[in-house]
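Quick one: this structure, given as structure tokens, is what I'll be asking you about.
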2 protein chains.
Amino acid sequence: MNKVINLKSVQMSCTQCSLSQLCLPRGLDNDEFSQLDKIIKHERTLKKGEQLFELGQPFKSLYAVRSGSVKVFLPIKNGDVQVVGFHMPGELLGFDAIGHNAHTCTAVALETCNICELPSAQLHEHAQEIPGLYEHLMSLMSDEITEEHEMMLMLGRKSAEERIATFLLNLSARYSKRGFSPHKFHLTMSRNDIANYLGLAVETVSRCITHMQDEKLIEANRKYIHILDMEHLCEFVGTIDHECEMMKEGV
Amino acid sequence: MNKVINLKSVQMSCTQCSLSQLCLPRGLDNDEFSQLDKIIKHERTLKKGEQLFELGQPFKSLYAVRSGSVKVFLPIKNGDVQVVGFHMPGELLGFDAIGHNAHTCTAVALETCNICELPSAQLHEHAQEIPGLYEHLMSLMSDEITEEHEMMLMLGRKSAEERIATFLLNLSARYSKRGFSPHKFHLTMSRNDIANYLGLAVETVSRCITHMQDEKLIEANRKYIHILDMEHLCEFVGTIDHECEMMKEGV
DNA sequence: CGGCCTATTGACGCTACTCAACATGAGTGG
DNA sequence: CCACTCATGTTGAGTAGCGTCAATAGGCCG
């Protein structure tokens with residue numbers, strides 16, 4: 001019972017949120033924290049499959065994943081989509097909407113999610129009072145640009161197996177950063193989503209995963225992934241020099 | 001002689017720069033303009049092949065292309081690269097460096113370039129005095145994120161011919177926006193750069209261009225491109241509904 | 001004019017896609 | 001609790017698109 005109440009209170013304040021170091025600027029003082037808490041809405045919950053925002057929808061807020069995970073995609077002809085990213089706790093999304101004042105992609109919950117909301121109206125009003133907030137957001141957007149450059153490298157030059165390896169190691173590093181095991185984790189997205197994201201066919205993803213199991217690099221059972229041989233898996237990534245080291249460090 | 005002097009003076013001031021509406025926030029008053037002119041360095045010239053910035057280099061400035069064009073790429077193993085973008089006059093680059101305080105890619109002039117520089121130090125100092133500057137930069141970064149999402153769609157789902165068509169129409173729209181013909185233009189990048197950017201082999205690019213000529217969609221002679229049949233070329237792009245219309249409108 | 005770099009064209013092979021069958025697990029209702 | 005259905009994942013066979021290798025052509029610069 002106590003635990004439930006604690007969880008509730010944690011949800012309601014950035015100050016006590018264990019993810020604040022991931023999604024907020026560093027070095028905020030107490031005043032600034034309470035300013036933020038006034039701006040940010042902590043209430044929103046999404047069930048699996050529910051939309052957070054949709055292509056064309058006017059820009060209302062930026063969003064931070066508090067728990068659960070989110071899939072972001074571009075809708076294409078005939079109900080087909082292109083998955084452009086997955087977001088975990090502590091990650092912000094919705095930056096795509098700033099430029100056009102409307103979202104240019106759609107975000108859907110992959111599982112039950114708690115979402116914090118940073119309304120754009122309040123953002124503009126109170127930006128002055130929290131120095132470094134804009135800088136922080138720009139920093140996050142910059143990181144997103146860098147990540148997407150790496151994605152272009154992935155889709156442009158890497159083989160199917162290299163893509164899967166890179167993908168798994170990327171997830172591993174992100175789980176690790178959040179205090180979970182970098183070796184064992186559960187995928188929150190389907191093979192279909194993975195395939196789509198990596199520019200592959202579902203069958204290819206399946207085959208690669210099976211092959212990596214045969215090579216004793218990983219153990220995989222549906223959503224469950226166990227990385228057995230991080231070293232050799234890293235070698236698979238192989239295209240960029242510094243990339244592998246970054247992943248080993250869990251950056 | 002007068003012309004030369006005029007050109008010189010144009011280079012030295014945002015106020016009179018014909019590109020200011022592309023790279024600066026809208027609705028600046030004269031005070032804000034002169035503030036900007038104090039911050040921005042207008043002097044830098046690059047010859048073909050010279051670097052604007054390099055992977056790992058500390059974040060010093062954002063850059064605006066004033067004339068010429070720039071190629072941005074990730075260096076990979078063995079001197080190989082992944083081209084991640086091309087920039088034309090009026091476009092800003094260097095956003096990748098904000099997050100890490102160092103550049104995560106390299107930028108090189110494709111031809112003789114004039115570059116305006118927005119030093120990061122002054123940016124932070126004077127941001128308060130020019131309301132909307134941060135918002136504008138975030139807006140540009142947001143657009144870059146959206147464009148890279150479309151790039152992921154390109155690399156993930158589109159065929160070789162669709163990629164070439166999309167690429168040519170994208171250039172066409174950007175030239176059009178700058179007052180040049182959307183039908184006839186000169187490529188500033190090599191086939192190699194195009195192939196690399198689009199995740200294809202040079203030979204495939206060559207073959208596709210030849211094929212499009214056979215189909216009377218375009219006329220191409222090395223760097224020179226003449227789009228003969230915009231309509232049908234647009235149909236080639238085909239994957240996203242609204243994409244084609246955007247290109248026809250020259251957005 | 002000659003050498004070099006870029007672009008084009010052709011032949012061939014491989015990777016990854018498509019189509020199809022099958023397996024497995026999750027969810028539902030009796 | 002089990003049987004049924006549907007969604008998701010796996011496996012196999014055949015193929016097409018694109019990459020690779022190699023030869024040739026055309027422009028650029030010394």
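Below, read A as the first sequence line, B as the second, and so on, with proteins coming before strands; counting in each chain starts at 1.
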Figure out the CE/C1' separation between B/M212 and C/dT8, and round it to whole Å.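 Answer to the nearest Å: 16 Å.
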So does B/H226 have more than 12 non-hydrogen atoms from other groups sitting under 6.0 Å from NE2?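 Check passes, neighbour count above 12.
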Side chain of A/R222 - closest among C/dT24, C/dC17, C/dG10: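 Nucleotide nearest to A/R222's side chain: C/dT24.
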Distance check needed: C/dT6 C1' versus B/I194 CD1, whole Å only.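 Spelled out: CD1 on B/I194 to C1' on C/dT6 is 12 Å.
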Describe, in one word, how the ring planes of A/Y197 and A/F86 are oriented to each other, choosing from parallel (under 30°), tilted (30 to 60°) and perpendicular (over 60°).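 Ring orientation of A/Y197 relative to A/F86: perpendicular.
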Starting at CG of B/D193 and ending at P of C/dC5, how long is that distance when rounded to a whole Å?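 Distance check: B/D193 CG to C/dC5 P gives 16 Å.
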Tell whether A/R191 reaches the base of C/dT24 with its side chain through a donor-acceptor pair below 3.5 angstrom.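 When only heavy-atom distances are counted, A/R191 does not reach the base of C/dT24 through any donor-acceptor pair under 3.5 Å.
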What about B/R207, does its side chain sit under 3.5 Å from the base of C/dT8 through a donor-acceptor pair?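 Check fails, no donor-acceptor contact within cut-off.
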Which of these nucleotides, C/dT18, C/dT24, C/dT9, is closest to any side-chain atom of B/T210?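 Of the candidates, C/dT9 comes closest.
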I need the CG-C1' distance between B/L200 and C/dT8, as an integer number of Å.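 After rounding, the gap between these two atoms is 16 Å.
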Name the one of B/K41, B/R44, B/E117 that satisfies side chain to side chain donor-acceptor pair (under 3.5 Å) with B/S61?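 Going through B/K41, B/R44, B/E117 one by one, the side chain to side chain donor-acceptor pair (under 3.5 Å) with B/S61 is satisfied by B/E117 alone.
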Do B/E148 and A/H149 pair up side chain to side chain, a donor and an acceptor below 3.5 Å, judged on atom types alone?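 Yes.
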Expressed as a whole number of angstroms, how long is the span from A/E162:CD to C/dT15:P?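 One finds 12 Å between P of C/dT15 and CD of A/E162, rounded.
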Within the structure shown, what part of the strands sits under 4.0 Å from B/S206 by heavy-atom distance: base, sugar-phosphate, or nothing?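 Base contact.
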Sugar-phosphate only, base, or nothing, as touched by A/I209 at under 4.0 Å among non-hydrogen atoms: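 The answer is nothing, as A/I209 stays clear of every strand by at least 4.0 Å.
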So, do B/F185 and B/F180 have ring centers that fall under 6.0 Å from each other?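 No, the ring of B/F185 stays outside the 6.0 Å limit from the ring of B/F180, centre to centre.
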Whole angstrom value for the distance that separates P of C/dT9 from NE2 of B/H211: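 These atoms are roughly 13 Å apart.
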Take A/R163 and A/E203, find for each the nucleotide of DNA chain C with the closest heavy atom, and name the residue whose nucleotide sits nearer the 5' end.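 So the residue in question is A/R163.
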Just wondering, more than 12 heavy atoms not from A/K223 lying within 6.0 Å of its NZ?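 Correct, the count exceeds 12.
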Under the salt bridge (charged side-chain N to carboxylate O under 4.0 Å, His left out) rule, what do B/K177 and B/E91 come out as? Steps first, then yes or no, please. CA-CA 12 Å; B/K177 205 171 180 179; B/E91 292 174 349; over 6 Å; no
Roughly, in whole Å, what's the span from CG in B/N221 to P in C/dA7?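 Rounded to the whole Å, the gap is 12 Å.
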Just the endpoints, please: which first and last nucleotides of DNA chain D, 5' to 3', lie under 4.0 Å from a heavy atom of chain B?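 So the contact region on DNA chain D extends D/dC18 to D/dG27.
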